Amino acid sequence: MFTVKARPYDYAFDPQRTALLMIDMQRDFIEEGGFGAALGNDVLLLRAAVPPARMLLSLCRELGVTIVHTKEAHRPDLSDCPPSKLLRGGTALKIGDSGPMGRILVDGEEGSDFIPELAPLRGETVIVKPGKGAFYATGLQALLHNAGITHLLFAGVTTEVCVQTSMREANDRGYECLLVADATESYFPEYKKATLDMIAAQGGIVGWTASLRQLSDACAAR
Ligand code: C5J
């Protein structure tokens, strides 16, 4: 067991019963010409999370934590994309349209790929999700259940959209969740801060937050 100095209080986890959920570290959100940029966001803001997320991945691989990478992407025929999502935003480039990295938010296109720094290793699970939450319309819950996972570490983008949605879904399913604060990022710094505060408020109503340093210190101290 490792015990992390976390907010709102210490978080203990057994690596054998823990999974890392690396949420949506895709070119579509982090690079120019993808979905995030089409929505008018400054995608460079998300790059701050890349080095800590890489370190977190290495740490979890060393500890034998189960690694799960998610990507938000739709089938080429868009049959898993509700019309509401397709039409939302009123932007020139929509989901399924062709952009500089192929069709926006479509699985198999360049933009849907993970950024090279965070590419999954062979044997690591990739979950393709049509929604913001990693549990909605995916096999994630069965996978975690079958692997005996009780604790989840969260990282990725964006903090208040897919990361927070997935963490709330996990919390309601009984998982003990910790968000690694510097390995997640938002296009809106104030929303990131608010999300971290909301998660840990009320005695950890959604879960725990800690820095990568706090997590790695706990693992080194054992
Ligand atoms: C968004 C995500 N922001 N991965 N997706 O649309 O957070």
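Atoms within each ligand, like the ligands themselves, are counted from 1 in listed order. Since this is a predicted model, take the numbers as computed values, not measurements. The basis for the numbers below is simple: all heavy atoms, side chains too, and nothing from hydrogens, waters or symmetry mates.
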For ligand 1, which atoms, with element, lie under 4.0 Å from some heavy atom of [X]?
X      : result
Phe29  : 1 (C), 2 (C), 4 (N), 5 (N), 6 (O)
Asp24  : 2 (C), 4 (N)
Val157 : 2 (C), 4 (N), 7 (O)
Val161 : 1 (C), 3 (N), 7 (O)
Cys162 : 2 (C), 4 (N), 5 (N), 7 (O)

For the residue pair Thr158 and Ser186, confirm or rule out a side-chain donor-acceptor distance under 3.5 Å.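 No donor-acceptor contact under 3.5 Å links the two side chains.
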Would you tell me whether Thr70 and Asp24 have side-chain atoms, one donor and one acceptor, within less than 3.5 Å of each other?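 A donor-acceptor contact under 3.5 Å links the two side chains.
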Do any nitrogen or oxygen atoms of Lys132 come within less than 3.5 Å of a nitrogen or oxygen of ligand 1?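 N/O-N/O distance below 3.5 Å exists for this pair.
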Would you say Thr158 and ligand 1 have an N/O pair spaced under 3.5 Å apart?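 Thr158 vs ligand 1: N/O contact under 3.5 Å present.
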What protein heavy atom sits nearest atom 5 (N) of ligand 1, and how far off is it?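 Answer for atom 5 (N) of ligand 1: Glu72 OE1, 2.9 Å.
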Write out all pairs satisfying side-chain hydrogen bond (donor to acceptor under 3.5 Å, both in side chains) with one or both partners inside residues 32-50, taking only residues at least two apart or from two chains.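 The answer is Arg47-Glu117.
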Whether the side chain of Thr138 engages the backbone of Ile127 through a donor-acceptor N/O pair (distance < 3.5 Å, no angle test) should be reported.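 Pair absent, no side-chain N/O of Thr138 close to backbone of Ile127.
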Take Tyr175 and His151 through the ring-ring contact (aromatic ring centres under 6.0 Å, His included) test and state the conclusion after the steps. CA-CA 5 Å; Tyr175 293 97; His151 287 60; 9.0 Å; no
Test question: given the 4.5 Å side-chain rule for I, L, V, M, F, W and Y, name all other residues clustered with Leu44, or answer none.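 Members alongside Leu44: none; it stands by itself.
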